[in-house]
Undergrad: 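Dropping the structure in here first, questions after.
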Amino acid sequence: MENTRSRKSPEDFQFGRVIGEGSFSTVYLAKEVESGKEFAIKVCDKDHIIREKKQEYIKREKSALHLLSNSQGIIRLAYTFQDRSKLYFVLTYAPNGELLKYINKLGSLSIECVRFYSAELLRAIEEMHKKNIIHRDLKPENLLLNRDMHLLLADFGSSKILPEDYDYDIAQDEIERNREEKANESDDSNDIRLRNSRLVRRVSFVGTAQYVSPEVLNGDAPHLSTDLWAFGCIIYQMISGVPPFRGASDYLIFQKIKNLDFKFSDDFEEQAKDLITKLLRIRPKERLGANDSDEIRYHSIRSHPFFEGIVWNDIYKQKPPEIK
Ligand code: ATP
């Protein structure tokens with residue numbers, strides 16, 4: 001990325017209002033003095049990051065955004081720099097905010113909007129997966145809208161970059177072997193069962209409860225199609241206003257996810273139901289698109305009848321439908 005490493009400093013920007021706050025960052029609207037261009041600058045306090053042990057989160061976000069610097073549909077990291085106490089991430093500014101805001105305001109989106117924004121999201125997922133990056137926290141809060149109301153994918157703190165030679169089956173075998181070894185370490189079977197049942201309740205996961213996939217809950221090997229599960233959840237939410245798996249606690253949501261316990265209301269047309277059903281499959285390899293080869297990824301999703309009428313190649317040059 002040509003600009004990321006050039007030596008910028010806070011003095012090169014005029015800091016304006018706070019756009020948002022994360023758990024360990026503040027995002028400012030800022031203007032680059034030299035060019036007059038607007039950016040969103042995410043400022044993270046180093047001591048806070050160390051105290052909260054979030055170094056990995058920051059590293060992951062930076063590495064993924066570097067790899068995706070020329071990818072359309074993804075927030076661009078223009079520069080990074082630091083001073084003694086803070087880290088600065090200079091990002092494309094998305095003035096129209098989060099897609100979630102529109103879903104919540106309108107209750108749901110028109111089918112034309114759902115089709116268009118699902119198509120843009122799929123394009124962004126294709127870009128990430130081409131680089132072997134799993135986002136792992138796709139949700140409507142992380143889908144930002146630029147000045148022209150095109151979608152920009154943000155927040156790569158939970159992402160995972162898979163090695164080039166990554167093989168899901170080999171990784172999964174290793175996890176199974178480790179599990180067996182751990183189980184054999186104790187010969188008290190009641191003790192194992194007890195520990196396992198406690199584990200179910202204390203499951204640790206990357207992502208956000210409503211969008212987390214069964215394999216993540218299960219502690220299985222990472223898979224690109226974890227993002228396709230969340231993609232199915234987001235399409236569902238754009239149509240109905242709420243995500244498919246809901247409950248009073250994370251634990252209850254996880255039970256529903258593991259049992260694939262969700263229903264379609266009358267708001268869903270047949271093609272949308274069919275697409276969502278083909279994405280929300282318990283086994284990652286059975287999700288629509290999971291078996292596409294690298295060259296044609298995700299043509300099996302693009303050619304689903306739900307997307308009829310979408311012109312994929314110049315989608316970023318098209319005028320998005322008015323949000324309603
Ligand atoms: P957490 O770190 O707790 O997961 P987060 O990911 O929302 O929270 P940030 O990435 O720091 O935290 O973002 C804080 C807020 O700033 C969010 O509400 C987000 O919508 C907004 N924001 C982040 N980046 C941009 C951007 N490039 N353009 C416009 N708004 C942004």
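Counting starts at 1 for both ligands and their atoms, following the listed order. All residue numbers in this chain count up from 1 along the given sequence.
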Undergrad: Hey, what's the ring geometry for Phe116 with His150, parallel, tilted or perpendicular (30° and 60° as the breaks)?
TA: tilted
Undergrad: Which part of Phe156 is near ligand 1, with near meaning a heavy atom under 4.0 Å away: side chain, backbone, both or neither?
TA: neither
Undergrad: Can you confirm if the aromatic rings of Tyr236 and Phe268 lie within a centre distance of less than 6.0 Å?
TA: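 When the ring centroids of Phe268 and Tyr236 are compared, they turn out to be within the sub-6.0 Å range.
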Undergrad: Please report whether ligand 1 has a polar contact with Ser25, defined as an N or O pair separated by less than 3.5 Å (distance criterion only).
TA: yes
Undergrad: Counting only nitrogen or oxygen atoms and a 3.5 angstrom limit, does Glu98 reach ligand 1?
TA: yes
Undergrad: Indicate, as side chain, backbone, both or neither, the part of Glu141 found under 4.0 angstrom from ligand 1 when only non-hydrogen atoms are considered.
TA: neither
Undergrad: Within the structure, does Lys42 bring an N/O atom to less than 3.5 angstrom of an N/O atom in ligand 1?
TA: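 Lys42 vs ligand 1: N/O contact under 3.5 Å present.
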Undergrad: Kindly indicate whether atom 21 (C) of ligand 1 is approached by any protein heavy atom to under 4.0 angstrom.
TA: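 Within 4.0 Å: no protein heavy atom nearby.
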Undergrad: Taking the ring centre of each residue, are Tyr88 and Phe13 less than 6.0 Å apart?
TA: no
Undergrad: Would you confirm whether the ring centroid of Trp312 sits within less than 6.0 angstrom of the ring centroid of Tyr298?
TA: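 No, they do not, as the ring centres are separated by 6.0 Å or more.
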Undergrad: Please indicate, with yes or no, if any protein heavy atom is found under 4.0 Å from atom 16 (O) of ligand 1?
TA: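 Yes, there is a protein heavy atom closer to it than 4.0 Å.
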Undergrad: Do Glu215 and Lys258 sit within salt-bridge range, that is, some charged N less than 4.0 Å from a carboxylate O?
TA: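 No.
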Undergrad: Has Tyr57 got any heavy atom lying under 4.0 angstrom from an atom of ligand 1?
TA: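 Yes, that is the case, since the closest heavy atom of the residue is under 4.0 Å from the ligand.
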Undergrad: Under 4.0 Å, heavy atoms only, figure out whether ligand 1 is touched by the backbone of Ser23, its side chain, both or neither.
TA: both
Undergrad: Does the cation-pi check pass for Lys8 over Tyr79, that is, NZ or CZ under 6.0 Å from the six-membered ring centre and within 45° of its axis?
TA: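 Yes, cation above the ring, under 6.0 Å and within 45°.
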Undergrad: Test Asp155 against every option in Ile75, Leu138, Asn142 by the side-chain contact (heavy atoms from CB on, under 4.5 Å) rule and name the one that passes.
TA: Asn142
Undergrad: Relative to ligand 1, is Leu152 under 4.0 angstrom through side chain, backbone, both or neither, heavy atoms considered?
TA: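 Contact part for Leu152 vs ligand 1: neither.
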Undergrad: Under 4.0 Å, heavy atoms only, figure out whether ligand 1 is touched by the backbone of Thr92, its side chain, both or neither.
TA: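 It is the backbone that gets close, since no side chain atom is under 4.0 Å.
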Undergrad: Look at atom 30 (N) of ligand 1 and say which protein heavy atom is nearest, naming residue and atom and giving the distance to 0.1 Å.
TA: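 I find the closest protein heavy atom is Ile19 CG2, 3.8 Å.
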